There are 2 protein chains.
Amino acid sequence: MGKTKKTKLIPEKPHVAVDIVIFTIIKDRLSILLIRRGVAPFKGQWALPGGRVNKNEPLEKAAARELGEETGVKDIYLEQLYTFGAPFRDPRGRTISVAYFALISKLPKLKATTDAEDAQWFPVRKIPQRLGFDHNEIISYALKRLRWKLEYTNIASNLLPKYFTLSELQRVYEIILGKKLDKRNFRKRILSLGLIKPTRKKRKNVAYRPPQLWKFITHKHIVLDKRELVF
Amino acid sequence: MGKTKKTKLIPEKPHVAVDIVIFTIIKDRLSILLIRRGVAPFKGQWALPGGRVNKNEPLEKAAARELGEETGVKDIYLEQLYTFGAPFRDPRGRTISVAYFALISKLPKLKATTDAEDAQWFPVRKIPQRLGFDHNEIISYALKRLRWKLEYTNIASNLLPKYFTLSELQRVYEIILGKKLDKRNFRKRILSLGLIKPTRKKRKNVAYRPPQLWKFITHKHIVLDKRELVF
DNA sequence: TGAATAGTGTCTTTCAGACAATATGCC
DNA sequence: GGCATATTGTCTGAAAGACACTATTCA
């Protein structure tokens, strides 16, 4: 017996991974991208896209990379959510997962990857009850964060094209919050925030009064007033 | 040459650690516990208490354990803050740190531990500009979260004894928010939240009108109204 | 009775929410 | 002119903020 190896003194290293809740709006429904797992564990079940963090790769880069691998999309809104680290959440061995959420507006073609048999957008109300790992919990957390952010930041800019009508903006809010909003009150509030401005354009070729087109003053993430203190 | 070892295919595992921002109020100043590092890296510099996560140890348990090791305190308020994972934040090797923040009211005797030469409470305004690692950033983040939580939750219960006067409660708010509050408006707002209730006791042996003593209705963490959506 | 802090009420402004009629362009 | 959606304002109630005087106990 030689002397105890130094590694014995260091706690066993867990794996570190990122998982991403990617939101978009499809046919007036808030949807999340899920992957059907092609390998164990949870083979055949749906789960969030994600994967291991590479050596010397920043966490957010890892999330962006996984996102790009699944959707081909770059430069989208990405925000760290929470870190999940229950000891047996992954049967392959201790895995710490840093969860992110992402928002995209233009629907990409979904790619197939090595680990994934299949990728599919699920409306939030039709998400399978039993995703792999603790991913239902992560999604629940992401939904809360998204709804909160919607009310107190300009995050909606990531779910809309550059130019949009106030009705389209309102629809995004209604879809995400899951309730109807009063048109007059909605406009009053949104305009008072000073996040969007009218353009000189109107939407053409509609069989009704052409609506004004608006744009966000900045695409940069803005948190409103004292709630700025949150992050 | 045998076949390539399986471990070659798996990304190199980083270390996983927790760091804790422990707040308390000492002599009317919001203070944070720092440890003077007794070993490299950053030997001699101040840093947040923290350490590696053990095998099969939940993240929050690890944070609670580190906290107990430094302060001897158990059962205190602990909340996950954010996960920091820049590739070279720790010179010893890639380390993902899950940051927590904690609140304590009764000041414990500080213990010395193996890794720590010294432990000391620093008022937030006197925190050294150059802590070890990225700990200044973590503290900045924790302060924002604390201020936000103060306004929209009953978190202040963790910084006060069981019974307290309204003036003492107001002082906690003023200290943390860093500004004076109007006594009448403060009382109106706090009472309207329904988080505290009067007791039959009054503080005795004071050289002025004896104040009413109050208590929090519950010590359980409560997030107010729709801001509940945050967490 | 003086010192020190406790305890209380009104007014104004702002914001959220309820609510309905007119405007515009296309066919 | 009919259709479909766009656009606009008022009232009310709730909450936040500014502001100053009286009450109580002790020494």
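In this text the structure is predicted, and so the values were computed from the model without any measurement. Note on naming: letters A, B, ... go to the chains in the order of the sequence lines (proteins, then strands), and numbering restarts at 1 for each one.
- Nucleic acid contact for B/Ser167: sugar-phosphate only, since backbone atoms but no base atoms lie under 4.0 Å from a heavy atom of the residue.
- Atoms CH2 and CD, from B/Trp46 and B/Gln120 in turn, are 4.0 Å apart once rounded to the nearest 0.5 Å.
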In residues 193-210 of chain B, what donor-acceptor pairs under 3.5 Å come from side-chain atoms, sequence neighbours left out?
{"unit_1": "B/Thr199", "atom_1": "OG1", "unit_2": "B/Lys201", "atom_2": "N", "d": "3.2"}
{"unit_1": "B/Thr199", "atom_1": "OG1", "unit_2": "B/Leu213", "atom_2": "O", "d": "2.8"}
{"unit_1": "B/Arg203", "atom_1": "NH1", "unit_2": "B/Glu168", "atom_2": "OE1", "d": "3.2"}
{"unit_1": "B/Arg203", "atom_1": "NH1", "unit_2": "B/Glu168", "atom_2": "OE2", "d": "2.2"}

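- Taking atom NZ of A/Lys179 as the reference point, atom P of C/dA16 lies 12 Å away to the nearest angstrom.
- For the pair B/Arg89 (side chain) and B/His135 (backbone), a donor-acceptor distance under 3.5 Å is absent.
- With hydrogens and angles ignored, the 3.5 Å screen pairs a side-chain donor or acceptor of A/Thr24 with a backbone N or O of A/Ile104.
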* Asked: Would A/Asn158 and A/His219 count as a side chain to side chain donor-acceptor pair (under 3.5 Å) if you check the C-alpha gap in whole Å, the side-chain angles of each, and the deciding distance to 0.1 Å?
  -> CA-CA 8 Å; A/Asn158 298 287; A/His219 196 62; 3.2 Å; yes
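- Across the protein-nucleic acid pair, B/Glu168 atom CD and C/dA6 atom C1' stand 12 Å apart, rounded to whole Å.
- For B/Ile138 against B/Phe84, the heavy-atom pair with the smallest separation is CG1-CE1, 3.5 Å.
- Taken to the nearest 0.5 Å, the CD1 atom of B/Ile139 stands 12.5 Å off from the CG atom of B/Leu146.
- Atom-to-atom, CZ of B/Phe186 to P of C/dA6 comes out at 12 Å; the value is rounded to the nearest Å.
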* To do: Between protein and nucleotides 18-27 of chain D, map the contacts as a letter string: B base, S sugar-phosphate only, - none, heavy atoms under 4.0 Å, written 5' to 3'.
  => BBB--BBBS-
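- Here B/Glu151 does not pair with B/Arg147 in a salt bridge; the nearest charged N to carboxylate O distance is not below 4.0 Å.
- As rounded to whole Å, 9 Å separates atom P of C/dG17 from atom CG of A/Leu181.
- Taken residue by residue, residues 191-200 of chain B places no heavy atom nearer than 4.0 Å to DNA chain D.
- Note: CG (A/Leu169) to P (D/dA6) measures 12 Å, nearest angstrom.
- Following rounding to the nearest Å, A/Arg203 (CZ) and D/dA6 (P) show an atom-to-atom distance of 10 Å.
- When the C1' atom of D/dA6 is taken as reference, atom CZ of A/Arg187 falls 6 Å away, rounded to whole Å.
- A donor-acceptor pair is defined here as one N or O able to donate and one able to accept, closer than 3.5 Å; such a pair exists between the side chain of A/Glu174 and the backbone of A/Leu181.
- Distance, B/Ile190 CD1 to C/dA6 C1': 17 Å, rounded to whole Å.
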